[in-house]
Protein chains: 2
Amino acid sequence: MSLSHIRLASAHARLARSAIPAWRHFSATSTTHPDIEPSRLTVTHTTSPRQLPPSSKLLFGRTFSDHMLRIPWAENTGWGAPAIEPFSTLNLSPAAVVFHYAQALFEGMKAYRRPDGAATMFRPDMNMKRMNDSAGRLALPTFNGDALIECMRQLISLERDWIPKEPGHSLYIRPTMIGTNGTLGVQPPTEALLFVICSPVGPYYPQGFKPVALYGTTDAEYIRTAPGGTGAFKVAANYAPGVVAQKAAAKVGYVQNLWLHGPEHWLTEVGTMNLFVVFKGEDGVTELVTPPLDGMILPGVTRDSILALARRHTSGGKQLQGLPSLLKVSERPAGRLVELFGAGTAAVVSPVDKIGYLGSDIIIPTGEDGMGPVSRPLWKELVGIQTGEIASEWNFVI
Amino acid sequence: MSLSHIRLASAHARLARSAIPAWRHFSATSTTHPDIEPSRLTVTHTTSPRQLPPSSKLLFGRTFSDHMLRIPWAENTGWGAPAIEPFSTLNLSPAAVVFHYAQALFEGMKAYRRPDGAATMFRPDMNMKRMNDSAGRLALPTFNGDALIECMRQLISLERDWIPKEPGHSLYIRPTMIGTNGTLGVQPPTEALLFVICSPVGPYYPQGFKPVALYGTTDAEYIRTAPGGTGAFKVAANYAPGVVAQKAAAKVGYVQNLWLHGPEHWLTEVGTMNLFVVFKGEDGVTELVTPPLDGMILPGVTRDSILALARRHTSGGKQLQGLPSLLKVSERPAGRLVELFGAGTAAVVSPVDKIGYLGSDIIIPTGEDGMGPVSRPLWKELVGIQTGEIASEWNFVI
């Protein structure tokens with residue numbers, strides 16, 4: 001049934017469509033209340049410090065460092081004093097809105113050890129912008145990103161020994177915000193908690209790149225997002241619904257989902273990563289393509305970094321060895337498929353060698369090391385920057 | 001970019017489409033592990049019992065009764081012993097998956113006081129079925145619904161004095177399940193907690209029915225769900241994304257969103273309620289219409305109950321006074337709009353008198369009491385059953 005089927009009893013224009021306010025106008029933060037204030041930060045040291053486990057024992061997201069950062073927020077009083085405290089449980093009312101309505105969002109970042117011993121964070125300003133965008137989308141409070149970076153800097157500085165020194169290792173940083181008021185009802189949270197935990201992690205591919213086989217998932221089965229949804233934001237609600245889709249793909253031999261949108265089956269993302277495809281055009285030009293930020297694509301920091309490195313290469317800036325000099329970088333479609341890879345903070349770059357699609361397998365070429373001619377030089381440059389071997393303003397020194 | 005634009009390097013049939021397993025096959029519950037077992041239930045009484053506040057002080061979802069039910073689950077050991085305990089905080093790792101990936105679902109039910117003093121729950125079997133469906137969709141553990149009803153029966157029996165006696169009042173029951181393992185990673189939870197809390201509530205419309213004005217929300221702004229999403233399940237992830245849409249509607253003078261799907265703007269739901277529309281056809285026949293359960297509609301208990309009462313009326317069963325005898329009941333579209341109402345556990349029936357739609361207002365007729373000729377007799381019968389004035393097998397006696 002559609003509204004156009006309804007013969008109107010009465011209808012008069014009152015609302016100009018342009019008058020509809022966008023979500024950006026709905027930040028719950030009032031300018032009259034305190035923002036996050038690093039000068040109010042308190043530090044309580046753990047009385048039972050632990051040791052960083054050996055690298056071989058590190059499993060992603062299972063080991064956490066000794067301390068965490070907590071910053072409370074309330075509608076009436078704004079952001080409270082930041083506190084670095086021993087890693088410990090959150091004690092919340094069973095009616096806390098996060099348990100009932102998914103008022104939760106997060107970021108994923110990494111801190112690296114530079115060869116000179118300094119610790120760095122990679123482009124934290126990008127994460128702070130996205131975290132504030134996510135908060136606005138869920139009617140959770142926004143905040144001064146630089147202030148949170150400063151609080152995280154102090155946390156990571158304290159946890160410096162928790163950053164593994166081995167190549168490819170890092171300290172995974174997980175800033176999170178949840179609605180905490182214990183009052184049932186679907187409405188903007190009146191209390192929230194921003195916290196940051198740290199997990200030492202090894203390389204995503206310990207034995208070198210291993211291309212993954214993807215399962216092309218259409219909306220006849222499952223979706224990751226759709227226009228008007230939250231796909232462009234890093235909110236908790238985007239993740240739980242995808243778990244059964246991942247299990248379904250695994251059951252038939254594929255590692256992750258390739259999320260296909262609409263009747264045209266547009267390529268959008270890979271599992272929880274952004275997607276890159278390499279085409280070779282009729283004119284012999286190699287083209288690096290990723291879907292545009294149309295509201296369904298997460299604006300990934302790794303995505304943005306790969307686009308920036310590739311565009312620098314094509315525009316006469318630093319040439320990346322091995323990357324075709326005739327390269328076109330596009331946020332759009334078309335061509336003959338040469339290479340396909342995911343990009344995200346966890347794996348950095350994840351090559352794909354097979355897509356199961358409507359009963360057939362599409363085989364994607366990869367090189368002997370599992371990577372392709374475009375992903376290899378981009379990955380090398382990006383990891384060089386992140387580990388500090390290559391100087392870059394993208395590194396935020398702790 | 002679409003897969004059809006990719007010229008295949010190689011493609012061979014391997015996967016029959018019919019071989020794709022549905023989510024129903026992915027319940028995390030193993031049959032070899034213990035299910036919920038009411039005989040293992042323990043009861044710990046509060047040492048500081050409180051009093052049910054006066055009816056005038058009751059705000060929906062803000063006051064909770066003295067006790068709650070908790071049942072833990074772990075992948076390796078199945079469901080643990082149910083425990084009725086004093087209402088108290090949940091202590092969870094900051095890495096608990098519910099905070100990061102929205103692995104959470106819930107139900108909304110009501111317990112009523114019958115005139116003879118007995119307490120009843122309304123169609124709890126329907127909620128248990130839906131809760132298990134939600135659990136399967138999120139790869140959370142399923143359970144024996146009858147066993148949870150028995151545990152809830154004992155909880156509500158203990159909290160009997162928390163059920164307000166005044167007409168239109170009830171004890172709102174909130175069964176909830178969350179993923180609790182403190183390990184980051186988007187995968188099926190390995191630990192979970194099922195808990196039930198109780199909140200005494202007054203009538204949704206204390207001063208009689210007040211029709212609401214709806215804002216027609218299209219996917220150019222926000223969506224509630226889409227095909228392949230979780231709209232047919234009562235999962236936390238469906239709710240947080242809708243809050244800014246509700247604020248946007250409120251900002252321009254509308255109480256709730258009328259969720260319109262696709263380019264055809266199909267009517268789907270109202271805010272967090274199912275939708276009913278009453279048409280008068282060319283042939284003079286009144287038609288009660290609600291969208292079909294096509295994967296985007298929550299299978300509401302109130303929705304099902306209204307359809308059942310109306311179908312009983314039309315099929316020669318109990319006639320509802322005032323309801324047109326020439327009535328057609330449809331889960332489908334069309335006709336001239338006579339009446340429109342939402343239906344859900346909280347409000348039971350919620351009349352609509354105005355829809356803002358693409359710059360115009362559509363005025364919906366309502367009677368002097370705010371209701372219409374179809375919603376009035378249905379509401380009266382349904383509330384009569386729920387309060388126990390009218391005998392029905394839908395009432396589960398505590």
Side-chain angles (χ1 to χ4, degrees), chain A residues 1-3 6-11 13-15 17 21 23 26 61-62 89-92 94 99-104 106 138-139 178 183-186 195 197 219 222-223 226-230 236-237 239-241 243-244 247-248 251 264-267 333 336-337 356 359-363, chain B residues 1-3 6-11 13-15 17 21 23 26 61-62 89-92 94 99-104 106 138-139 178 183-186 195 197 219 222-223 226-230 236-237 239-241 243-244 247-248 251 264-267 333 336-337 356 359-363:
Chain A
M1 122 185 68
S2 141
L3 272 184
I6 297 173
R7 280 176 246 138
L8 305 189
S10 160
R14 208 184 78 171
L15 252 186
R17 192 153 171 77
W23 62 264
F26 288 110
R62 289 176 179 264
T89 61
L90 307 183
N91 304 332
L92 299 174
F99 298 133
H100 303 269
Y101 308 121
Q103 280 152 331
F106 66 95
L138 294 192
I178 58 175
T183 49
L184 300 181
V186 182
F195 63 89
I197 55 179
D219 67 8
Y222 304 105
I223 55 168
T230 52
Y239 296 87
V243 172
V244 288
K247 285 183 76 171
K251 189 119 179 172
E264 304 85 1
H265 294 179
W266 301 104
L267 279 68
R336 184 162 69 87
L337 185 64
S360 296
D361 275 347
I362 300 168
I363 304 298
Chain B
M1 124 184 66
S2 138
L3 272 184
I6 297 173
R7 280 178 245 137
L8 304 189
S10 160
R14 209 184 77 171
L15 251 186
R17 193 155 170 76
W23 62 265
F26 288 110
R62 289 176 179 264
T89 62
L90 307 183
N91 304 332
L92 299 174
F99 299 134
H100 303 269
Y101 310 121
Q103 280 152 331
F106 66 95
L138 295 192
I178 58 175
T183 50
L184 300 181
V186 182
F195 63 88
I197 54 179
D219 67 8
Y222 304 105
I223 55 168
T230 52
Y239 296 86
V243 172
V244 288
K247 284 183 75 170
K251 189 120 178 170
E264 303 85 1
H265 294 178
W266 302 104
L267 278 68
R336 184 163 68 87
L337 185 64
S360 297
D361 275 347
I362 299 168
I363 304 299

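Within every chain, numbering begins at 1; the chains are lettered A, B, ... in the order of the sequence lines, protein sequences first and strands thereafter.
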Task: For chain A, the option from B:Ala104, B:Gly229, B:Pro227 that forms the most heavy-atom pairs under 4.5 Å - done: B:Pro227
TODO: Pick whichever of A:Asn91, A:Thr183, A:Leu138, A:Asp219 has the most heavy-atom pairs under 4.5 Å with chain B.
DONE: A:Asn91
Open item on the list: Counting only non-hydrogen atoms closer than 4.5 Å, does B:Leu92 touch chain A with its backbone (N, CA, C, O), its side chain (CB onward), both, or neither?
Closed with: both
Open item on the list: Which atoms of A:Phe99 are under 4.5 Å from chain B, going by heavy atoms: the side chain, the backbone, both sets, or neither?
Closed with: both
Task: Heavy-atom pair with the smallest gap, counting every atom of B:Ala139 and A:Lys247 - done: CB-CD, 4.3 Å
- [ ] Can you tell which part of B:Phe106 gets under 4.5 Å to a heavy atom of chain A, answering side chain, backbone, both or neither?
- [x] side chain
Open item on the list: Quick check for you: among B:Gly61, B:Ala240, B:Pro94, B:Gly185, which has the greatest number of heavy-atom pairs under 4.5 Å with chain A?
Closed with: B:Pro94
Open item on the list: Please find the pair of heavy atoms, one from B:Pro241 and one from A:Ala237, that lie closest to each other, and give the distance.
Closed with: CG-CB, 4.2 Å
- [ ] Mind listing the closest non-hydrogen atom pair of A:Tyr239 and B:His100 along with its distance?
- [x] CD1-O, 4.5 Å
Task: Best-contacting candidate, B:Val186, B:Thr230, B:Ile197, B:Leu90, against chain A by heavy atom pairs under 4.5 angstrom - done: B:Leu90
